[in-house]
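Notes follow the structure.
Scope of the values below: all heavy atoms of this structure, side chains included, with no hydrogens, waters or symmetry mates.
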Amino acid sequence: QVQLVESGGGLVQPGGSLRLSCAASGFTFSRYYMSWYRQAPGKQRELVAGVTSGGNTNYADSVKGRFTISRDNAKNTVYLQMDSLKPDDTAVYYCSRNLDSWGRGTQVTVSS
């Protein structure tokens with residue numbers, strides 16, 4: 001049974017940082033493309049960043065240079081380091097395995 005559990009969200013001031021984690025279980029983590037998506041109120045869910053099984057990464061233009069996705073196959077965990085956060089980054093952030101399985105999400109709020 002595939003399980004994805006996000007953590008690390010919270011309230012942060014503009015310009016601050018957060019590190020999200022997604023703990024995976026129930027499948028061979030190292031073989032899968034993993035990604036982070038986000039959904040703000042009234043908006044569609046959008047890709048934030050992804051990382052292939054080989055470690056290649058891709059990012060939404062809106063987060064390039066500010067966010068970094070990484071994975072630790074030994075810990076079955078994917079991370080999203082978010083720096084220079086902006087109010088527009090406020091959303092629920094979801095972890096996904098290959099777009100066929102999703103976590104429940106973690107709320108990120110950027111506000112002064």
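D72 and Y79 get closest at one heavy-atom pair: CB-CE1, 4.0 Å. Nearest approach of V78 to C95, heavy atoms of both residues: CG1-SG, 3.8 Å. Of all the heavy atoms in A24 and L4, the pair that sits closest is CB-CD2, 3.7 Å. Closest heavy-atom contact between R71 and T52: NH1-O, 3.0 Å. A91 approaches A40 most closely through the heavy-atom pair CB-N, 3.8 Å. The two residues Y59 and A49 make their nearest non-hydrogen contact at CD2-CB, 3.5 Å.
Side-chain N or O atoms of S96 include one that pairs as donor or acceptor with a backbone N or O of S101 at under 3.5 Å. Using a distance-only test at 3.5 Å, with no hydrogens or angles considered, no donor-acceptor pair links the side chain of E6 to the main chain of C22.
Following chains of ILVMFWY side-chain contacts shorter than 4.5 Å, one cannot reach Y94 starting from W36, and the two form parts of different hydrophobic clusters. Neither Y93 nor L99 shares a network with the other; the hydrophobic side chains, linked directly or stepwise wherever heavy atoms of I, L, V, M, F, W or Y lie under 4.5 Å apart, form separate groups for each. Both V12 and V48 are part of a single hydrophobic cluster, where members link through side-chain heavy atoms under 4.5 Å apart.
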Inset, instruction - Take Q13 and L85 through the side-chain contact (heavy atoms from CB on, under 4.5 Å) test and state the conclusion after the steps. - result: CA-CA 8 Å; Q13 292 187 341; L85 282 160; over 6 Å; no
Inset, instruction - Take L20 and V108, measure what side-chain contact (heavy atoms from CB on, under 4.5 Å) needs, and give me the verdict at the end. - result: CA-CA 9 Å; L20 305 184; V108 172; 4.1 Å; yes
Inset, instruction - Step by step, work out the side-chain contact (heavy atoms from CB on, under 4.5 Å) result for T90 and S111. - result: CA-CA 8 Å; T90 295; S111 175; 5.9 Å; no
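Contact annotation: the side chain of Q39 never approaches that of E46 to less than 4.5 Å [non-hydrogen atoms, C-beta and beyond]. The side-chain heavy atoms of D89 and R38, taken from C-beta on, include a pair separated by under 4.5 Å.
Here CG of L80 is found 8.5 Å from OG of S70. Values are rounded to the nearest 0.5 Å. Going from atom OG of S35 over to atom CD1 of I69 covers 6.5 Å, rounded to the nearest 0.5 Å. Q1 contributes atom CD, which lies 12.0 Å from atom CZ of F27 (distance to the nearest 0.5 angstrom).
Aromatic ring pairs are classed by plane angle as parallel below 30°, tilted from 30° to 60° and perpendicular above 60°; the pair Y37 and W102 is perpendicular.
Side-chain contact check for N58 and Y33: at least one donor-acceptor pair (N or O, by modelled atom type) lies under 3.5 Å.
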